[in-house]
Amino acid sequence: MHRIVVTGGAGFIGSNFVRYALGAYPDVHIVNVDKLTYAGNLDNLKDLDPARHTFVHADIANAEAMAKAMDGCDAVVNFAADSHVDRSIMEASDFIATNVKGVHNILEAAKKLGTKRVLLVSTDEVYGSIAKGSFKETDPVGPRNPYSASKAGGELLGLSYFHTFGVPVTITRGSNTYGPYQYPEKVLPLFVTNAIDGEPLPLYGDGKNVRDWLFVEDHCRGIDHALRHGAPGEIYNIAGENERENIVLTTKILQETGRDESLIKPVTDRPGHDRRYSIDASKLRALGWEPRMNWDDGIALTIRWYRDNEWWWRKIKSGEFREYYKRQYGQRG
Ligand code: NAD
Ligand code: DAU
């Protein structure tokens with residue numbers, strides 16, 4: 001694989017993936033297609049070698065632009081998505097346009113061009129909530145919010161293109177990812193940056209919802225592993241194997257940033273808030289992947305990155321984000 005199209009490569013995981021792939025494979029060239037929504041940020045790509053990385057400002061919902069970008073490429077890895085559950089609860093249209101229609105354009109282009117590999121980056125949220133045990137790839141999907149339903153829609157289209165047209169689609173379902181360059185609407189960077197500033201941490205409901213935390217480089221290696229060693233038509237879970245209640249995560253952030261628990265602000269719960277996510281990654285483990293980052297080191301490294309890179313997030317938090325924050329949290333009490 002020499003020429004790979006990465007969509008959504010100016011976002012959090014996408015930009016980490018581009019950096020990872022360029023570092024791991026000296027002969028790879030990345031064509032990075034991104035619409036630059038509020039979450040897309042060229043600052044995430046500043047240090048990349050322009051000789052091996054081409055940026056294309058385009059929308060995956062634009063069929064012509066996608067076909068043009070994918071022409072001559074060996075593989076496409078789709079990260080492009082509207083990705084925040086709370087925003088999908090406020091307004092879901094963009095989620096359908098990108099996460100379903102956009103994916104359809106990629107599949108159509110791959111069918112016409114004969115693209116050798118199509119990797120759709122998806123999420124453990126498509127399974128829905130689980131009280132005990134962990135979901136396997138053979139379990140049925142049961143998404144419960146507009147974001148996860150749109151991701152499940154994209155996945156199902158992908159599998160239909162594999163079965164009907166032989167398009168070599170592989171799907172990964174990753175768990176909650178954290179690390180450098182994550183937009184501060186997501187709980188971990190939001191709480192870290194609020195704690196640095198001595199601002200309240202708005203904790204939803206009773207704080208006992210559980211997420212499985214996966215370090216971003218482990219997620220990127222997992223996606224790359226599925227792309228290179230996984231089979232078309234197959235789904236691979238990528239787990240952090242590191243489940244924490246939100247209150248435990250919050251307390252950890254407060255300890256690491258030298259703040260006390262008076263900053264915790266319990267607020268009205270997210271509608272339809274999934275209680276617990278948990279996935280079993282033994283299928284990808286059997287192919288040789290495993291998560292490498294332990295929680296204490298991962299969280300320390302991540303907090304250090306936000307401390308050392310205030311230029312990156314202060315710009316974001318003073319822009320579009322302020323309006324969003326007011327709309328999202330203003331009514332929560
Ligand atoms: P993000 O919101 O940080 O980045 C999304 C990127 O996609 C941005 O650069 C944005 O500009 C771009 N984009 C959005 N709509 C587009 C469009 N129509 N055309 C082209 N580009 C578009 O998201 P993220 O957290 O990096 O997530 C990346 C992928 O990984 C998503 O598909 C998401 O569903 C999946 N995922 C995320 C997590 C997580 O915890 N963040 C976990 C599992 C899976
Ligand atoms: O599980 C994978 C998914 O993880 C990805 O597919 C999504 O793209 C990603 O956004 C993430 O979804 P979550 O909804 O789990 O992430 P979020 O950071 O929004 O919330 C994590 C948990 O923290 C969740 O239980 C809700 C809670 N939360 C979140 C925010 C933003 C709070 O308590 N307060 C907050 O302000």
Side-chain angles (χ1 to χ4, degrees), residues 6-17 32-42 44-45 56-62 65-66 69 77-89 94-95 97-99 101-103 105-106 120-127 129 143 145 147-148 150-151 154 172-179 181-191 194 200-214 216 219-220 222-223 238-240 244-247 249-250 264-267 269-270 273-279 325 328-329 332:
V6 168
T7 68
F12 165 47
I13 309 177
S15 64
N16 276 283
F17 181 84
N32 185 347
V33 180
D34 200 294
K35 183 182 170 184
L36 297 179
T37 66
Y38 75 91
N41 187 348
L42 292 177
N44 299 1
L45 306 169
V56 179
H57 186 196
D59 186 341
I60 65 165
N62 177 338
M66 266 329 287
V77 183
N78 180 55
F79 291 89
D82 266 298
S83 68
H84 193 37
V85 172
D86 290 323
R87 291 193 194 241
S88 81
I89 292 168
D94 287 349
F95 288 75
T98 295
N99 303 359
K101 179 70 188 124
V103 169
N105 288 337
I106 291 170
L120 301 180
V121 176
S122 190
T123 168
D124 62 357
E125 289 204 17
V126 297
Y127 293 111
S129 195
N145 62 62
Y147 159 71
S148 53
S150 70
K151 290 296 292 184
T172 58
R173 292 177 177 158
S175 63
N176 276 66
T177 306
Y178 72 101
Y181 298 103
Q182 186 168 28
Y183 192 88
E185 65 191 349
K186 306 285 164 43
V187 75
L188 201 143
L190 176 68
F191 281 15
N194 280 11
L201 313 190
L203 186 63
Y204 295 169
D206 65 2
K208 293 197 168 177
N209 297 63
V210 173
R211 296 294 182 267
D212 170 31
W213 293 97
L214 170 65
V216 66
H219 195 167
C220 293
I223 291 165
I238 307 179
R244 295 282 184 278
E245 285 184 347
N246 291 337
I247 182 66
L249 165 74
T250 306
I264 299 176
K265 185 182 178 205
V267 297
D269 208 353
R270 171 186 282 175
H273 195 176
D274 284 334
R275 192 64 169 167
R276 173 172 174 259
Y277 294 140
S278 183
I279 49 174
Y325 202 75
Q328 181 60 238
Y329 296 93
R332 277 200 135 104

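Counting convention: from 1, in listed order, for ligands and their atoms alike. By convention here, the first residue in the shown sequence is residue 1.
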Which atoms of ligand 1 are found less than 4.0 Å from any heavy atom of Gly40?
8 (C), 9 (O), 10 (C), 11 (O)

With a 4.0 Å heavy-atom cut-off (strictly under), which part of Arg211 contacts ligand 2: side chain, backbone, both or neither?
side chain

What is the closest protein heavy atom to atom 41 (N) of ligand 1, and at what distance does it sit?
Ile13 CD1, 3.8 Å

If we number the atoms of ligand 2 from 1 as shown, the ones under 4.0 Å from a heavy atom of Ser83 are 7 (C), 8 (O), 9 (C), 10 (O)

Below 4.0 Å, non-hydrogen atoms only: which portion of Leu190 touches ligand 2? Side chain, backbone, both or neither.
side chain

Would you mind finding which of Gly174, Gly154, Ser83 brings a heavy atom closest to atom 23 (O) of ligand 1?
Ser83

Taking non-hydrogen atoms only, is Tyr38 closer than 4.0 angstrom to ligand 1 via side chain, backbone, both or neither?
neither

I'd like the name of whichever of His273, Arg275, Lys151 reaches closest to atom 24 (C) of ligand 2 through any heavy atom.
His273

Close-contact set for ligand 2 against Phe191 heavy atoms, below 4.0 Å:
34 (N), 36 (O)

Looking only at protein heavy atoms, which one is nearest to atom 19 (N) of ligand 1, and how far off is it?
Ile60 N, 2.9 Å

With heavy atoms of Gly8 as the reference, note each atom of ligand 1 found under 4.0 Å away.
6 (C), 7 (O), 9 (O), 12 (C)

Backbone or side chain, does any N or O of Arg270 fall under 3.5 Å from an N or O of ligand 2?
yes

Counting from 1, what ligand 2 atoms have a heavy atom of Thr123 closer than 4.0 Å?
1 (O), 2 (C), 3 (C), 5 (C), 6 (O)

Looking only at N/O atoms, are Leu188 and ligand 2 under 3.5 Å apart anywhere?
no

Any chance you could measure Phe12, atom CZ, to Lys186, atom NZ, to the nearest 0.5 Å?
8.0 Å

Any idea which atoms of ligand 1 are less than 4.0 Å away from a heavy-atom of Ala39?
2 (O), 8 (C)

Taking the minimum heavy-atom distance to atom 17 (C) of ligand 1, which of Leu36, Asp59, Val126, Val56 ranks first?
Asp59

Per-atom contacts of ligand 1 with Thr98, taking only distances under 4.0 Å to non-hydrogen atoms
15 (N), 16 (C), 17 (C), 18 (N)

Show which atoms of ligand 2 fall inside a sub-4.0 Å distance from at least one heavy-atom site of His84.
19 (O)

Considering only protein heavy atoms, which is closest to atom 28 (C) of ligand 1, and at what distance to one decimal place?
Phe79 O, 3.5 Å

Which of Ile264, Asn194, Val187 passes side-chain contact (heavy atoms from CB on, under 4.5 Å) with Pro202? It is Asn194

When you look for heavy atoms under 4.0 Å from ligand 2, do you find them on the side chain of Asp124, its backbone, both, or neither?
side chain

Contact between ligand 1 and Ser122 is defined here as a heavy atom of the residue under 4.0 Å from a ligand atom; is it met?
yes

Note: heavy atom closest to atom 18 (O) of ligand 2, options Val121, Val187, Asp269, Ile13, belongs to Val187

Would you say Glu185 contacts ligand 2, with heavy atoms under 4.0 Å as the rule?
yes

Contact partition for Glu125 relative to ligand 1, non-hydrogen atoms under 4.0 Å
neither

Can you find an N or O of Glu125 that's nearer than 3.5 Å to an N or O of ligand 2?
yes

Pick from Tyr127, Phe12, Tyr204: the one approaching atom 29 (C) of ligand 2 most closely through a non-hydrogen atom
Tyr204

Is the closest N or O pair between Tyr329 and ligand 2 shorter than 3.5 Å?
yes

With heavy-atom distances below 4.0 Å as the criterion, list the atoms of ligand 2 near Leu203.
33 (O)

Heavy-atom contacts under 4.0 Å between Thr177 and ligand 1: side chain, backbone, both, or neither?
both

Which residue and heavy atom of the protein sit nearest atom 21 (N) of ligand 1, plus the separation:
Lys35 N, 3.0 Å

Counting heavy atoms only, which of Asp212, Leu42, Asp34 is nearest atom 8 (C) of ligand 1?
Asp34

Which part of His84 is near ligand 1, with near meaning a heavy atom under 4.0 Å away: side chain, backbone, both or neither?
neither

Are the side chain of Ser148 and the backbone of Val126 linked by a donor-acceptor contact shorter than 3.5 Å?
no

Which segment of Asn246 sits under 4.0 Å of ligand 2 when only heavy atoms are counted:
side chain

Quick one: sort the Phe17 and Phe79 rings into parallel, tilted or perpendicular, breaks at 30° and 60°.
tilted

Just need the protein heavy atom nearest to atom 10 (C) of ligand 1, so name the residue and atom and give the distance.
Thr37 OG1, 3.3 Å

Looking only at protein heavy atoms, what sits closest to atom 3 (O) of ligand 1 is Phe12 N, 3.1 Å

Give a yes/no verdict on whether any heavy atom in Ser175 is under 4.0 Å from an atom of ligand 1.
yes

Pull out every atom of ligand 1 sitting under 4.0 Å from any heavy atom of Ala80, numbered as shown with elements.
7 (O), 20 (C), 21 (N), 22 (C)

Which atoms of ligand 2 are found less than 4.0 Å from any heavy atom of Val85?
14 (O)

Check for a donor-acceptor pair, side chain of Lys151 on one end and backbone N or O of Val121 on the other, with a separation under 3.5 Å.
yes

Quick note on ligand 1: atoms under 4.0 Å from a heavy atom of Asn176 include exactly 40 (O)

Nearest to atom 5 (C) of ligand 1, what protein heavy atom do you find, and at what distance?
Ala81 O, 3.5 Å

Any atoms of ligand 1 less than 4.0 Å from a non-hydrogen atom of Tyr147? List them with their elements.
33 (C), 34 (O)

Under 4.0 Å from a heavy atom of Tyr147: give me the atoms of ligand 2 that qualify, with their elements.
5 (C), 6 (O), 7 (C), 8 (O)

Ala58 heavy atoms within 4.0 Å reach ligand 1 at atoms 19 (N), 20 (C)

